[in-house]
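This report refers to the structure that appears directly beneath it.
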Amino acid sequence: MAPIDFRNKINWHRRFRSPQGEKSEHEILRIFESDRGRIVNSPAIRRLQQKTQVFPLERNAAVRTRLTHSMEVQQVGRYIAKEILSRLKEQRLLETYGLDELTGPFESIVEMACLMHDIGNPPFGHFGEAAINDWFKQKLFPSDAASQPLSDDRCIVRALKLREGEETLNDLRRKVRQDLCQFEGNAQGIRLVHSLMRMNLTWAQVGCILKYTRPAWWMGEPPATHSYLMKKPGYYLSEERYIERLRKELSLTPHGRFTLTWIMEAADDISYCVADLEDAVEKRIFSVEELYQHLYEAWGKHEKGSLFSQVVENAWEKSRSNSLSRSTEDQFFMYLRVNTLNKLVPYAAARFIDNLPDIFSGEFNHALLEDDSDFSQLLELYKHVAMRHVFSHPDVEQLELQGYRVISGLLEIYRPLLQLSVDEFTELVEKDRVKRLPIETRLLHKLSTRHRLAYVEAVSKIDRDSVQWPVMEYYYRCRLIQDYISGMTDLYAWDEYRRLMAVE
């Protein structure tokens, strides 16, 4: 196994206009400060303020959005990074691992990855993802019997229909169909950063948000050695070449993960578990007293000095004894959050250092907080109570169903653009207005300029005389629609659906 040297991982170069030559510690830190500025000022970050964390279309500003959640993850990620660096310094390993002049970039990469980790999420969270995938599965998987003619209402799949005697093209069609039916927020985040927003971040910064390493077109089970790292799609066919270059620049194995991504993942796990429960109390789904009872009952066996007593019971007792200056709810969650962080952050840091050889090589096939320890059990306790008493609440389920219907309905509204032939759509894009296509013309005008330009750039790189042209043009056209709808905020998607369905 190669020696651990973070100078080979914290790659400060960019794909475009990258500064050349050796850089001092100060100059490298300035490069990553530039990354921070590009990220913080991006529209994708601002849109997170109107995207769902748990409760869609929430008007209570005290309840978390994706933006406030991401800011909390950012703080926890910074805490874990500092804890790791502090421990390595105590063990006199900073210089050994090439980190003595890279502590600033180390922290910055983790922080900004935490802030960005949800930028690819569609409106209405996981139900938005499900709506996109279900709709495309229904439209892209017709009967593939070659003898069966395609009727007009099924011409949406003409370019992707399997045909006898075209095995090479059929392989591409299967790949494209699979890819389009695997929409995932993490993969969309990579697409946003590179193809849509063109943020030109450093290789290390982008590597840190590549949470999963499975291509969206992957079929079958992933290898057992990478079953966790490949449990979800991490990037699309449209970004395949970019990810190939990323792997080369960061010295990643074919299915390996970037070293600092484990820290971002742990920060997310720690943050949302407590936050979801606090938001549920804010929404009056249950009282803080009922929450404590749910936690107590779900933990099971209670022993004096257990992690539960140190974290949850301690928070409960302190909140009851100090309730004069602040409400019991505020007190309980303040102590619960502090106690949880003070236990899980050091444990996550220790796990990172203890498994550093495998983590550095990108092959550690686990999350930092996924093992048989009490610390992992505490996180599972929070998740279990949230799943049983928050996500299954009738009000939450109703909002999720509404979100699913909104996204499905918007896709159906924009379906005419996908029903055009390759020549018709190409003509529409080039001329911007085609008299015989009045509906399609107006739908095209609704799409954002940024997304349309990404489509035009992608198809311009395809040889129009090649047999792959119709398949790949259609692929990028589907991506265009997915990009536009997934980039909406919850409120904009809701309003747009109502406007286009004429229900106002």
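Any value given below was found using the heavy atoms of this structure, including those in side chains, with hydrogens, waters and symmetry copies removed.
- Note on ring orientation: taking the six-membered ring where Trp is involved, the planes of His194 and Tyr242 are parallel (angle under 30°, cut-offs 30° and 60°).
- Under 3.5 Å, the side chains of Arg479 and Gln482 contain a donor-acceptor pair of N or O atoms.
- In this structure, Arg78 and Val110 have side chains that are not in contact, with every pair of non-hydrogen atoms separated by 4.5 Å or more.
- Ion pairing between Glu184 and Lys211 fails under the 4.0 Å rule for side-chain N and carboxylate O.
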Before giving the answer on side-chain hydrogen bond (donor to acceptor under 3.5 Å, both in side chains), spell out for Ser42 and Arg38 the whole-Å C-alpha distance, their side-chain angles and the decisive distance to 0.1 Å.
-> CA-CA 6 Å; Ser42 69; Arg38 297 170 194 223; over 6 Å; no
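- Without hydrogens or angle criteria, Ser376 side chain to Asp372 main chain gives no donor-acceptor distance under 3.5 Å.
- For NZ of Lys343, the number of neighbouring non-hydrogen atoms (other residues, nucleotides, ligands) closer than 6.0 Å is 12 at most.
- Residue Met71 qualifies as open at atom CE: its count of foreign heavy atoms under 6.0 Å is 12 or below.
- Going from atom OG of Ser486 over to atom CD of Glu129 covers 9.5 Å, rounded to the nearest 0.5 Å.
- Around CZ of Arg30, the count of heavy atoms belonging to other residues, nucleotides or ligands within 6.0 Å does not exceed 12.
- Between Arg36 and Glu111, at least one side-chain N (NZ, or NE/NH1/NH2) sits under 4.0 Å from a carboxylate O, which counts as a salt bridge.
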Tyr382 and Val312: CA distance, side-chain angles, deciding distance, side chain to side chain contact (heavy atoms under 4.5 Å, CB included) verdict | CA-CA 11 Å; Tyr382 296 154; Val312 182; 4.1 Å; yes
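- The closest side-chain donor-acceptor pair between Glu363 and Thr225, if any, does not fall under 3.5 angstrom.
- Ion pairing between a basic and an acidic side chain is recognised when a charged N comes within 4.0 Å of a carboxylate O; Lys248 and Glu244 show no such pairing.
- Ring pair Phe6/Phe360: centre-to-centre distance below 6.0 Å.
- Between His255 and His226, the two ring planes are perpendicular [angle over 60°; tilted spans 30° to 60°].
- In this structure the side chain of Pro105 reaches within 4.5 angstrom of the side chain of Leu29, judged on heavy atoms.
- The neighbour count for His393 NE2, taken as heavy atoms of other residues, nucleotides or ligands under 6.0 Å away, is above 12.
- The pair Glu380-Lys383 meets the salt-bridge criterion, with a side-chain N (NZ, NE, NH1 or NH2) lying under 4.0 Å from an Asp/Glu carboxylate O.
- Between His69 and Asp118 the shortest side-chain heavy-atom distance falls below 4.5 Å.
- The shortest distance between side-chain heavy atoms of Arg66 and Gln49 does not fall below 4.5 Å.
- A salt bridge does not link Glu249 with Arg14: none of the charged nitrogens is closer than 4.0 Å to a carboxylate oxygen.
- For the pair Leu229 and Gly362, the tightest heavy-atom approach, listed with the atom from each and the gap, is CD1-O, 3.4 Å.
- The aromatic rings of Phe286 and His294 stand perpendicular to each other, their planes meeting at an angle above 60°, with 30° marking the opposite boundary.
- Between His302 and Tyr296, the angle of the ring planes stays under 30°, which puts this pair in the parallel group of the 30/60° scheme.
- Comment: Asp483 does not engage Arg450 in a salt bridge, judged by the lack of any side-chain N to carboxylate O separation of less than 4.0 angstrom.
- Relative orientation of the Phe352 and Phe106 rings is perpendicular, given thresholds of 30° and 60° on the angle between their planes.
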Might you work through the side chain to side chain contact (heavy atoms under 4.5 Å, CB included) test for Trp203 and Lys9, ending with a clear yes or no?
-> CA-CA 9 Å; Trp203 294 110; Lys9 287 292 181 186; over 6 Å; no
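- Between Lys283 and Asp395, none of the side-chain N atoms (NZ, or NE/NH1/NH2) sits under 4.0 Å from a carboxylate O, so this pair counts as no salt bridge.
- Exactly one of Ile209, Val73, Thr261 qualifies for a side-chain contact (heavy atoms from CB on, under 4.5 Å) with His117. That residue is Val73.
- Within 6.0 Å of the CD atom in Glu397, the count of heavy atoms belonging to other residues, nucleotides or ligands exceeds 12.
- Enclosure of atom NZ in Lys89 is not indicated, since only 12 or fewer non-hydrogen atoms of other residues, nucleotides or ligands lie within 6.0 angstrom.
- Each of Leu67, Ile190, Leu48 was evaluated against Ile119; a single residue qualifies, Leu48, per the side-chain contact (heavy atoms from CB on, under 4.5 Å) test.
- Salt bridge annotation for Glu278-Arg64: present, with a cationic side-chain nitrogen under 4.0 angstrom from a carboxylate oxygen.
- Between His366 and Asp371, the closest side-chain pair of non-hydrogen atoms is not below 4.5 Å.
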